[in-house]
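Reading through the structure tokens given below for one structure.
We number each residue from 1, following the sequence as shown.
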Amino acid sequence: MTRAATSTPISREKIMSDSAYSLTLPGFLEDRLREFVGSAGADEVRGWLRPPDTVMSVETLRCMKASRLSFADLLLRRMINERWSIQRLSGECDEEGAGRFVYRIDANGHAFTYIARAYPWDGKEKVGRRSDGANRDMFGALFLGLADEARIAREFEVFDLRDVDAMRTDADVIGWTPANRSSRFFDEVVQALARGEQPELGQGAQYLMRNGGFQSSGRNGSISYQGIPADHPLCHPFFADLFAIYLVRLVSIDLVNAVARTRNPNAAQLATGIARQLGIGNSSGQGMCVALQRWPHWVSTWVTVRELALAYAKSRPVTAETRTTLTQLITKTAGLYDRLEPQSEDYVTPNTVLAADLRMISDWVDETTEGCWGDVAERVASAVDGETREQFNSLLLDLVPDFCDAIAPYLVIGAARQRQLKPQATVGDLRTVLRRNYPWALRTDRTLATSHQHFWYHSEDHGEQRRGDRIIDPHEEFESFIDHVGLIQRLASVLASYDDTVTAGEVVFRHPELHFAISRVQYLDGLPYAEIRNGLADRDFLPAHLIRFFLASLGIRFATPLSIRYVRGTFFQGTPLPEDVRTGTAAGGNAPPCVAKLRETAQ
């Protein structure tokens, strides 16, 4: 293929000639790749894979955007392809919004129940923190199967206790969905409908209720995720969580319609096109950083699937058809950035810059007549900021939907990986693994206090992770694991005193505190993108960067930090409603064009 004569930060030739760089794909992904392109083609695709030291830096991860491989997109495509049916069986409320709703879901041969209990608004804005306890504007319960009237009544009674210490459920419930009203949009929409008018939603993030988390996997007596049957539609990483949020979105729409009707029997009901524009607000905190450190094989799985799909897309030749498709995607995405008005643009590339750069890239795409998409991607990477680059990369995935769908099952396979100590391995084996996978950690200068200035701890008062400064702040003795760099250096220093022939089991016997470190490096060995390459305890690390990465992996688009510790965004804004899902009329992989298409339909 003809290479574009552009200056690039990291060229494919440099990657392939770097003897220190090698990447072996997990067996499932290697098999799928060869099925699509054969052995020679697989080598070409691997040549487009970006090196882990580049991809796994916080600077790259923070820029990643949601794509058709994000969990919300995967869930929606399954719902649409399988024509899931969500039927409201009953719904009643009073003028203040106190009400009860019951829904039946039929999904690919499975039937289950969702209920929601709404309460009158107390006039207090709630951001959805766990410290709110039972003080929420809504509680919902997602059942594993169908619940009868008696079981539903019992769950409503539990919600009405409004006492977090007394509220308990049974293992027939997957989880609870606490949520809170938008103090502004909810009332504005109800008032407009009660007047017989459609609301003017304006620009930016639009939602009626805000997600308050998903209390599940054993919390409050719910079934653990491991207990969900393997053939259940929600037995997939994050599907239960995200489907529960999707249902809160539905309740919020049904609730404003019902409240408006109680105030005026002739009230208008939300127009379908407007309802589609409404999502569910979300505010996520720095506890997500702890989760990413606790389950690094999740991170590896998400990034490996995305990077392989991106490499495959880059290896594909530019054609008139794909050029047209990508130009349309870029144009629609730039238009969305134009219309969004975030509360803050600190720590991110301003939307005006993103929109302008995307339109510049669209001109390049329109002019491209030869080569492969990697040529265009290298030109983009050399000319724009990281966020625009990663937005372009996410859009490239829509050019290869069949390949994305073929490798997506690895998101389940990779998440099931288990950390386990291999006691028979030798110290020599461990040293080899450290030299192969952790030179970046071993080179980190830990003599500076700033390199491990922060610590995380679980706050009993607030029910979530908080960050403190060592020595200055209390609770350091309750530190949550976050410092993987320190962990690796501690392991390497202890191993230095042992002969190569000593077994890992003997080391753990003498140093039981190293069991976690040794088992971690062992079970991550062989994974392409396994560890974040920055110190999360470092003074200069901003939690919001990794929160944005986590949210993009889940499927939130256009999430922006409210501070260095909190990021706000909206789930499912502009995505299909239940009637679209049931009829399969909204099949589309990427949210921005989906939003545009649905808005055009609503006109």
Side-chain angles (χ1 to χ4, degrees), residues 23-39 41-42 45-46 48-49 55 64-84 107-110 174 217 225-243 246 292 295-316 393-394 396-419 523-524 526-530 549-550 552-555 581 584 587-591:
L23 192 152
T24 301
L25 294 171
F28 175 87
L29 296 178
E30 181 69 26
D31 290 344
R32 299 294 83 71
L33 178 60
R34 290 174 181 269
E35 287 174 5
F36 271 76
V37 295
S39 297
V45 172
R46 277 193 294 271
W48 285 108
L49 287 168
V55 175
M64 289 188 178
K65 307 297 183 184
S67 71
R68 67 176 294 114
L69 285 170
S70 299
F71 289 100
D73 293 71
L74 294 169
L75 171 63
L76 279 171
R77 281 203 302 279
R78 176 174 292 185
M79 291 168 61
I80 292 167
N81 291 337
E82 295 176 356
R83 305 293 194 269
W84 288 19
N108 199 27
H110 292 261
I174 298 177
S217 199
Y225 283 150
Q226 292 84 352
I228 300 176
D231 65 341
H232 196 281
L234 300 180
C235 185
H236 184 290
F238 296 107
F239 272 20
D241 314 58
L242 290 166
F243 186 62
Y246 183 86
L292 294 176
W295 294 288
H297 62 288
W298 288 6
V299 180
S300 174
T301 299
W302 308 342
V303 176
T304 300
V305 169
R306 182 184 189 273
E307 288 300 304
L308 178 57
L310 178 59
Y312 179 82
K314 288 180 177 180
S315 73
R316 299 297 87 195
N393 286 343
S394 287
L396 276 181
L397 302 190
D398 280 306
L399 301 183
V400 290
D402 291 343
F403 185 75
C404 289
D405 293 346
I407 65 174
Y410 185 72
L411 292 167
V412 178
I413 298 169
R417 197 178 185 94
Q418 296 290 319
R419 180 173 59 83
Y523 99 111
L524 294 178
L527 296 182
Y529 303 97
F549 162 71
F550 203 149
S553 300
L554 291 178
V581 170
N590 186 273

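Between W84 and Y246, the ring center distance fails the sub-6.0 Å criterion.
In this structure, the side chains of L399 and R316 stay at 4.5 Å or more apart for every pair of heavy atoms. Proximity of L524 to P296: side-chain heavy atoms (C-beta onward) are separated by under 4.5 Å at one or more points. Looking at heavy atoms from C-beta onward, L242 lies out of side-chain contact with L76 at the 4.5 angstrom threshold. In this structure, the side chains of L33 and F403 come closer than 4.5 Å at one or more pairs of heavy atoms.
At distances below 3.5 Å, not a single donor-acceptor pair connects side-chain atoms of T304 with backbone N or O atoms of T301. Of the possible polar contacts, one joining the S67 side chain to the L69 backbone as a donor-acceptor pair under 3.5 Å is found.
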Side-chain donor-acceptor pairs under 3.5 Å in residues 225-237, sequence neighbours left out?
| unit_1 | atom_1 | unit_2 | atom_2 | d |
| --- | --- | --- | --- | --- |
| Y225 | OH | S216 | OG | 2.7 |
| Y225 | OH | D241 | OD1 | 3.0 |
| Y225 | OH | D241 | OD2 | 3.0 |
| H232 | ND1 | L234 | N | 3.1 |
| H232 | NE2 | L144 | O | 3.0 |

Just distance, no hydrogens or angles: give the donor-acceptor pairs under 3.5 Å from side chains in residues 404-419, sequence neighbours left out.
| unit_1 | atom_1 | unit_2 | atom_2 | d |
| --- | --- | --- | --- | --- |
| D405 | OD1 | R68 | NH2 | 3.4 |
| R417 | NE | Y523 | O | 2.7 |
| R417 | NH2 | Y523 | O | 3.1 |
| Q418 | NE2 | A416 | O | 3.4 |
| R419 | NH1 | S519 | OG | 2.7 |

Check step by step if side-chain contact (heavy atoms from CB on, under 4.5 Å) holds for L23 and Y529. CA-CA 9 Å; L23 192 152; Y529 303 97; 3.5 Å; yes

Check against salt bridge (Lys or Arg N to Asp or Glu O under 4.0 Å), R46 and E30: CA-CA 10 Å; R46 277 193 294 271; E30 181 69 26; 2.8 Å; yes

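In this pair, F238 and F71 present their aromatic rings tilted. The plane angle is within the 30 to 60° band.
Here the CG atom belonging to L396 is positioned 7.5 Å from the NZ atom belonging to K314, to the nearest 0.5 angstrom. We find the CH2-NE2 distance between W302 and H297 to be 9.5 Å, quoted to the nearest 0.5 Å. Atom NE2 of H110 sits about 9.0 Å away from atom CD of E82, to the nearest 0.5 Å.
One side chain, S394 or R306, offers a donor N or O that lies under 3.5 Å from an acceptor on the other.
Counting all heavy atoms, side chain and backbone alike, S70 lies closest to G555 at CB-CA, 3.6 Å.
A cation-pi arrangement, defined by a distance under 6.0 Å to the six-membered ring centre and an angle within 45 degrees of its axis, is present between R32 and F28.
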